[in-house]
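Beneath this line is the structure, given in structure tokens, with notes to follow.
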Amino acid sequence: MNRARQLRFSAEGLTRIVGRRHLLRDISFMATGGECVALVGRNGAGKTTLLSLLAGRDPPDRGKVVLDRDQKEVTGREYGAVTAFLPHDLFIYPDLTARENLEFFATLQNAKDPGERASDALEKVGLADHADRVVRAFSRGMQQRVAVGRLLSSRATVWFMDEPSTGLDAPGRDWLTATLSAHVENGGLVFMASHSQDEVGAGGTRVMVLEAGRLVLDEPGGPEGARRAFQRMEGEGN
Amino acid sequence: MNKANIIGAGPILAILATAAVLYALYAVFFVAPIEATMGFVQKIFYFHVGSAINMMLAFALCGVAGLVFLVTERAGSRVSRVVDAIGVATAEVGVTLGAIVLVTGPLWARKAWGTWWTWEPRLTLSLMIFLLFLAYLALRAFAGSDRFGRGVAAGLAVIGLPALYFIHFAVQRWGGAHPQVVYKGGLNVPGMKLAFFASVLAMSLVSVALIVIRARQELNNRRLDDLFLSLDAGEGT
Amino acid sequence: MTTSNRIRHALRTVASALFAVAVLADPLVALAQETGTAETWKTARNTVQGDTLVVAAYMAMWFIIGVYVLSLASKQKVQDREIRELEKQLDDHSAK
Amino acid sequence: MSSLRHFAVILRKDLAMEFRTRDILYPMALFSLLLVVVFSFAFLSDPTRVRDYGPGIIWVTVLFASTVGQNRLFDRERENGCLWAMLLTPASRSAIFAAKATGHFLFTVFMELLTVPLIILFFDLSVPRPGPFLGALLLGTLGLSLVGTLFSAMLMNARMKEVLLPLVTFPLLMPVVIAGVKVTSLAVGAPLAEDVSMWLRFLIGFDMIFAVATLLLFERMIRS
């Protein structure tokens, strides 16, 4: 497993402008392998925008994202191999079956054994017996599991996840938290936008609060950190 | 907003252009003699060709501007803003010139060949350029006013250049092996030469003036965005 | 000035311009024909459509350029309004 | 080597989805059949010169049906943001573009298999020189697919996509239609004295230049 290698991820002065408004204002932070960073914030605070920037989907108007693996910067298409993105719109084809989706994206990730990776991931997300049904027929929760399966089969080290527990049932959420912790302990890095305090408390090793596109709080996570972060987020409201 | 930038010459150019046009009109109507075969109608020819030449130049400039825009990496950089402004300005002026060419062309053809519209290579080429310019402006209007939408429009301008060569080639051959006898305008008489160059120069100055004014306006729009933005930044603190 | 009466204003100016040109066109063309080389002008007169085509062409040309200049002017008005709005926001901002 | 594998897997994915849902093939096929029927009514009133219209009708049908195909080509990528799903993997952009363009090319050729024989039947065209006839169709369709796929990708999320796409692509594709009609009419034995190979070389030149141009532009425009 190549995860044990030294990983350093830094954002420097990220700014995102749409029309005449700042969506993100000068966001900088540094993270390393073995961290699960939870992004907390009200709607419109910029969580999804930030994740899209980090994943490379949208270009920053100012500032840049730097990912170093073993002191060597990862750029261009190599960045796509090391990272994986689970956005709100799931990144999976509704007209393909779960297995076809995972095999397809695994091949694009240059997997030597896409079939095997796909069935392994489907096993883990608990969709083994639905593997050959078309995703369009799936419930939201099952589609979410396929999307997480896509991340697993990509063997990426850095995960960007936008509210990963959406639509998952209780066992699904517990399984997700366990998977994230395992990935992080293995030297992986996760950025996760989340609205549920206990999810942040359970999984997040670090928590950041975004307000109006600005990083206002960046502290170690855990249940205590989560409580403070959500308090700060609600506090900002009244 | 600093007035001293290179595109601040709008008003002077406008005055220059008007003077040139007046002189050209004088040259066309009072200096150039009546052409033997075509008679008085030949007077249309001068400004028609002047507009057509400038339309072609505008198309080439729009393509080059699009290419530079796509090549410049940084989004808000000065260069990409200027070329983007030039791109939209040349397209709008190109459409205006195209309209002139497509209106005066048939009026002239009515006398030269007896029909309002003929698929004569040059007229067809002008029609295609006019359509490409319209498509460019439609892209800018509907494919997103953000950087991506401008990128798509720039892409069309760039791909328009090779397309123009193929359109020109196809249109030349389309009329069949024998390209129609094309009226060259017979500019052998000195008076006519003067009228011709005067009107081409006049239309060039008019086009340049309009392009400069529109480009400056576009740049001011970008400046406005920055200023509104700085206000927005202020609130965040 | 709301957009509706700005359009009405623009139309009024264009209409009056056209009327002026139409009224002036004939004497202008006559003047052009008389002061030029008299004989060749004479032969030109016989081309019945000759002058109407030319007048139509040149009028159309200035009309098209005029329309574009008008559209530039209206874009400029929109920009001026935004500048004024910016200044207002700046004042509120600094007053805050 | 990997980009060839990526090209293959993306194309296979598109073909698999298409044969499962057929929501590009059906509209293209039905639209072109309707077009042919309408043209027959419009032009068959004057049986003497009907043969002259054949080539023109073939190419108008191909152009319009291919535009219908382009409009829907990236619909699946728009759903669930899958274009970015592919772009954020190590797969090269040219592989993605080439696969989509080939997909569209195959769909259009499939549609041509249905409608062109019909047109030949309805307009009782004889095809003494099938070589140039097929050559022009294939080369022309390739040109349509290249330009069409580029702008179909760019306009995926545009509001007035159905209007913008033809408005943008028709002027660019006009030379292909002209060359196509020329070669088709020569292949159908019209007495025109022109040499066919010149127009075929023209089509080949168009395809080569636009293959390079569209590939490069896809790379730049998607990131701008």
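Per chain, numbering begins at 1; letters A, B, ... match sequence-line order.
Minimum interatomic distance between R57(A) and W84(D) (heavy atoms only, all atoms of both residues): O-CH2, 3.2 Å. Across P90(D) and Q109(A), no two heavy atoms sit closer than the pair CD-OE1, 3.4 Å. K13(D) and L96(A) make their closest contact through CG-CD1, 3.6 Å (heavy atoms, listed as atom of the first residue, atom of the second, distance). Closest approach of M86(D) and Y93(A) over heavy atoms only: CE-OH, 3.4 Å. Smallest separation of non-hydrogen atoms from F105(A) and T89(D): CD2-CG2, 4.5 Å. The two residues N110(A) and H6(D) come nearest to each other via the heavy atoms OD1-NE2, 2.7 Å.
At least one donor-acceptor pair under 3.5 Å links the side chain of R20(D) to the backbone N or O of D95(A).
Other residues, nucleotides and ligands contribute at most 12 non-hydrogen atoms within 6.0 Å of the OH atom of Y26(D). Other residues, nucleotides and ligands contribute only 12 or fewer heavy atoms inside 6.0 Å of the CZ atom of R21(A). More than 12 heavy-atom neighbours from other residues, nucleotides or ligands sit within 6.0 angstrom of CD on E73(A). Heavy atoms of other residues, nucleotides or ligands lying less than 6.0 angstrom from CZ of F31(D) number more than 12. In F110(D), the CZ atom is not crowded: 12 or fewer heavy atoms of neighbouring residues, nucleotides or ligands sit closer than 6.0 Å. The environment of CD in E123(A) is sparse: at most 12 heavy-atom neighbours from other residues, nucleotides or ligands sit within 6.0 Å.
Salt bridge status for E103(A) with R12(D): absent, with no side-chain N to carboxylate O gap under 4.0 Å.
Of the atoms belonging to P114(A), it is side-chain heavy atoms, and not backbone ones, that fall under 4.5 Å from chain D. Of the atoms belonging to S52(A), not a single heavy atom falls under 4.5 Å from chain D. For V82(A), no part sits under 4.5 Å from any heavy atom of chain D, backbone or side chain. Of the two parts of F85(A), only the side chain, counted from C-beta on, holds a non-hydrogen atom closer than 4.5 Å to a non-hydrogen atom of chain D.
One finds the CG atom of L90(A) at 9.0 Å from the SG atom of C82(D) (value rounded to the nearest 0.5 Å). In this structure, L108(A) CG and S3(D) OG are separated by 11.5 Å, a value rounded to the nearest 0.5 Å.
When each of I10(D), L83(D), L87(D) is checked for heavy-atom pairs under 4.5 Å with chain A, I10(D) comes out on top. In terms of non-hydrogen atom pairs under 4.5 Å with chain D, the most contact-rich of D58(A), I92(A), V134(A), T83(A) is I92(A).
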